[in-house]
Enquirer: 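One structure, as structure tokens, below. Some questions next.
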Amino acid sequence: MPIRILGIESSCDETAAAVVADGRTILSNVISSQVDVHRKYGGVVPELASREHLRKIVPVVREALDRAGMGLHDVDAFAVTSGPGLVGSLLVGLTYGKVLAASLGKPLLAINHLEGHVRAVFLEAYRNGNEPRLPGVCLIVSGGHTVLYELGSEGRHGQGTAAANLVYRKIGQTRDDAAGEAYDKVARLLGLGYPGGPVIDVLAAKANEVGDGSRGNVRFAHAKMRGNRYDFSFSGIKTAVLYYLRSHPELAPEIARRREAIEAGKRSAADLLPLTTPATLELLASFQRTVVDELVGRTLDAADESAVRCVLVSGGVAANAELRVTFEREVERRGFEVFFPSRALSTDNAAMIAAAGYAKLVAGELANGTLNAEPVLQLA
Ligand code: KG4
Ligand code: ZN
């Protein structure tokens, strides 16, 4: 009989629950996004986030069980995100999981959200029958995090990586904004709504079709890093976009038109494209090129230096098409292999939390009733 773990994720603005068998097979994966609640504020409002989690947590868990064809009594263990994240949000999922585990007498597993993102890469790899062979280098790139690790595994290899402990050594991180945060801030400056990543992903690609084909003719300087050369910085590019807009007041009317469209509910990339001039598409392509080059360049340099052949990329920004294509092209050139989750598993979800729970359960690392939310929890 497979071990079925119910995962619960509520660290930011998605209320999610999922059932995963033996840390490998997704039986259900339910995500309720709060994007519509936070959109008009241009970012996540913590108080509203916890209130929404409270409204959604029970129906989302019920739906995850229904879709897996299970009842609560069939769950072998409960895995909850304990951090990092917004404390009020974390507490909702964590407390609900704690109560379920205690009342059913089942194990409770505390999961680091970042380890969840790493396990998402493996979930996808199991599905494709091509698993990353560790050690490797792992980039987690989302709205809250941009971190680079050396990743290894230990113990229980007979049962595959799903049951093995992952071991991390942090080798770089952002010194200011996360990459996803830069996407969201630039989207806000340009009247492209929230979250910014998915829309900029599509519009930047259009620069090729309607622009002069140069893929972004605005040149942004790359951040110069003193000290650790695997650290990242994204606040400079955001400020550069701001200055560009100040010196190009002719772009102001189209920004206002897009804001109006978004207010009226027309917020998809297809809605916004006709309201966006080639000059702005070029600006977006330039911004994205700079961010992608920074992420891919530093990650692959780190892989080169540590002589590993395997690169893992996860987190919301890993859904970005240009990031994927650039990684694929560059790893081929250098003789590495790169692994991503599917786009759906790149952004926050609970399947990755349930998958991470399996290794903890096998290792006997159980949490108890004293488990609390840890908003600044680190992996290494
Ligand atoms: O992992 P995630 O769902 O939540 C956090 O843990 O932060 O990541 C959300 C972030 C947002 O900043 C969003 O703009 C960005 O990921 N994002 C993208 C794309 N899809 C989501 N950024 C670039 N391209 C995308 N396709
Ligand atoms: Zn995340």
Side-chain angles (χ1 to χ4, degrees), residues 7-16 18 29 31-35 38-39 41-44 46 49 81-86 89-90 93 111-121 138-147 173-174 177-190 192-206 234 237-238 267-269 284-285 287-296 313-327 340-353 355-356 375-379:
I8 297 178
E9 155 63 36
S10 70
S11 64
C12 190
D13 60 345
E14 332 275 355
T15 318
N29 189 18
I31 303 168
S32 168
S33 170
Q34 307 178 355
V35 157
H38 301 290
R39 181 171 279 124
Y41 306 98
V44 177
T81 305
S82 58
L86 300 168
S89 292
L90 285 165
I111 306 303
N112 184 313
H113 179 82
L114 299 173
E115 164 135 354
H117 277 302
V118 180
R119 293 282 179 184
V121 181
C138 177
L139 172 70
I140 299 180
V141 60
S142 72
H145 308 275
T146 301
V147 210
Q173 63 188 323
T174 182
D177 294 347
E181 200 177 346
Y183 270 95
D184 295 338
K185 286 178 175 169
V186 164
R188 193 173 179 168
L189 288 174
L190 282 160
L192 291 168
Y194 172 83
V199 172
I200 293 180
D201 191 348
V202 176
L203 294 186
K206 296 286 178 197
F234 297 103
I237 174 85
K238 169 201 68 190
R267 55 178 77 101
S268 71
L284 291 171
F287 160 75
Q288 178 159 285
R289 185 75 259 156
T290 309
V291 172
V292 164
D293 282 350
E294 167 112 4
L295 291 169
V296 175
V313 187
S314 191
V317 182
N320 186 269
E322 185 170 343
L323 183 76
R324 286 176 178 241
V325 169
T326 309
F327 259 118
F340 295 95
S342 66
R343 282 177 160 228
L345 289 176
S346 295
T347 47
D348 289 351
N349 66 86
M352 67 188 197
I353 303 302
V376 290
L377 190 61
Q378 306 235 359
L379 256 189

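Source: prediction; values computed, not measured. All ligand and atom numbering here is 1-based and tracks the order in the structure.
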Enquirer: Do Gln34 and Ser32 have side-chain N/O donor and acceptor atoms under 3.5 Å apart?
Expert: no
Enquirer: Given Val186, Asp348, Ile200, which has its nearest heavy atom closest to atom 6 (O) of ligand 1?
Expert: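 Nearest heavy atom to atom 6 (O) of ligand 1 lies in Asp348.
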Enquirer: Report yes if some N/O of Asn320 lies less than 3.5 Å from some N/O of ligand 1; otherwise report no.
Expert: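 N/O-N/O distance under 3.5 Å: yes.
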Enquirer: Do you know which N/O/S atom name in Asp348 is closest to the Zn ion (ligand 2)?
Expert: OD1
Enquirer: Considering non-hydrogen atoms only, spot the tightest contact between Asp184 and Gly197 and give its length.
Expert: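 In this case the closest contact between Asp184 and Gly197 is OD1-N, 3.8 Å.
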Enquirer: Looking only at non-hydrogen atoms, find the nearest pair between Leu86 and Ala49 and report the distance.
Expert: CD1-CB, 4.5 Å
Enquirer: Could you list the atoms of ligand 1 found under 4.0 angstrom from a heavy atom of Ala319?
Expert: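 By the 4.0 Å cutoff, the relevant atoms are 26 (N).
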Enquirer: Between His145 and ligand 1, find which residue part has any heavy-atom pair under 4.0 Å and reply side chain, backbone, both or neither.
Expert: neither
Enquirer: Nearest heavy-atom pair of Cys12 and Val44: which atoms, and what distance?
Expert: SG-CG2, 4.1 Å
Enquirer: Under a 4.0 angstrom heavy-atom cut-off, which atoms of ligand 1 come close to Thr347?
Expert: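 It comes down to these atoms of ligand 1: 3 (O).
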Enquirer: At under 4.0 Å between heavy atoms, which part of Asp201 makes contact with ligand 1: side chain, backbone, both or neither?
Expert: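 Near ligand 1, Asp201 shows its side chain, while the N, CA, C and O stay back.
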Enquirer: Which heavy atom of the protein is the closest neighbour of atom 18 (C) of ligand 1, given with residue, atom name and distance?
Expert: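 Sorting protein heavy atoms by distance from atom 18 (C) of ligand 1 puts Gly197 CA, 3.5 Å first.
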Enquirer: For the backbone of Gly85 and the side chain of Ser11, can you confirm whether one donor and one acceptor N or O come within less than 3.5 Å of each other?
Expert: no
Enquirer: Can you name the nearest heavy-atom pair linking Asp201 to Ala319, along with the distance?
Expert: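 It is OD2-O, 3.7 Å.
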Enquirer: Can you tell me the protein heavy atom closest to atom 8 (O) of ligand 1 and the distance?
Expert: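 Nearest neighbour among protein heavy atoms for atom 8 (O) of ligand 1, to 0.1 Å: Gly316 CA, 3.3 Å.
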Enquirer: Pick one of side chain, backbone, both or neither for how Arg343 approaches ligand 1, counting any non-hydrogen atom pair under 4.0 Å.
Expert: neither
Enquirer: Show me which atoms of ligand 1 lie under 4.0 Å from any heavy atom of His117.
Expert: 1 (O), 6 (O)
Enquirer: What atoms in ligand 1 come closer than 4.0 Å to a heavy atom of Gly180?
Expert: 12 (O)
Enquirer: For atom 10 (C) of ligand 1, state which one of Gly143, Gly315, Gly85, Ser11 supplies the nearest heavy atom.
Expert: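 The residue whose heavy atom sits nearest atom 10 (C) of ligand 1 is Gly143.
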Enquirer: Would you say Cys12 contacts ligand 1, with heavy atoms under 4.0 Å as the rule?
Expert: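 Cys12: no contact with ligand 1 (<4.0 Å).
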Enquirer: What atoms of ligand 1 come within less than 4.0 Å of a heavy atom belonging to Gly144?
Expert: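 Close to Gly144: 7 (O).
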Enquirer: Mark up the atoms of ligand 1 that fall under 4.0 Å of a heavy atom belonging to His113, in ascending order.
Expert: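 That gives atoms 6 (O) of ligand 1.
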Enquirer: Just by distance, do the side chain of Ser10 and the backbone of Ser89 share a donor-acceptor pair under 3.5 Å?
Expert: yes
Enquirer: Centroid-to-centroid, Tyr183 to Phe234, below 6.0 Å?
Expert: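 Not close enough - the centres of the two rings lie 6.0 Å or further apart.
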Enquirer: Is there a donor-acceptor contact under 3.5 Å from the side chain of Thr81 to the main chain of His113?
Expert: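 Judged by distance alone, no pair lies under 3.5 Å.
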Enquirer: Looking at ligand 1, does any of its N/O atoms fall within less than 3.5 Å of an N/O of Asp184?
Expert: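 Checking ligand 1 against Asp184, an N or O pair does fall under 3.5 Å apart.
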Enquirer: Using a strict cut-off of 4.0 Å, indicate which atoms of ligand 1 neighbour a heavy atom of Pro195.
Expert: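 Those of ligand 1 that fall under 4.0 Å from Pro195 are 14 (O).
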Enquirer: Any idea which heavy atoms bring Leu345 and Ala120 closest together, and the distance?
Expert: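 That closest heavy-atom pairing would be O-CB, 3.5 Å.
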Enquirer: With respect to the Zn ion (ligand 2), please indicate if Cys12 possesses an N, O or S atom at a distance under 2.8 Å.
Expert: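 It does not: Cys12 brings no N, O or S atom closer than 2.8 Å to the Zn ion (ligand 2).
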Enquirer: Please confirm if an N, O or S atom belonging to His117, backbone or side chain, lies less than 2.8 Å from the Zn ion (ligand 2).
Expert: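 Checking His117: at least one N, O or S atom is under 2.8 Å.
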Enquirer: State whether the number of non-hydrogen atoms from other residues, nucleotides or ligands found under 6.0 Å of Arg324 atom CZ is greater than 12.
Expert: yes
Enquirer: Rounded at 0.5 Å granularity, tell me how far CD in Gln173 sits from CD1 in Ile140.
Expert: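 Atom-to-atom, Gln173:CD and Ile140:CD1 are 12.0 Å apart.
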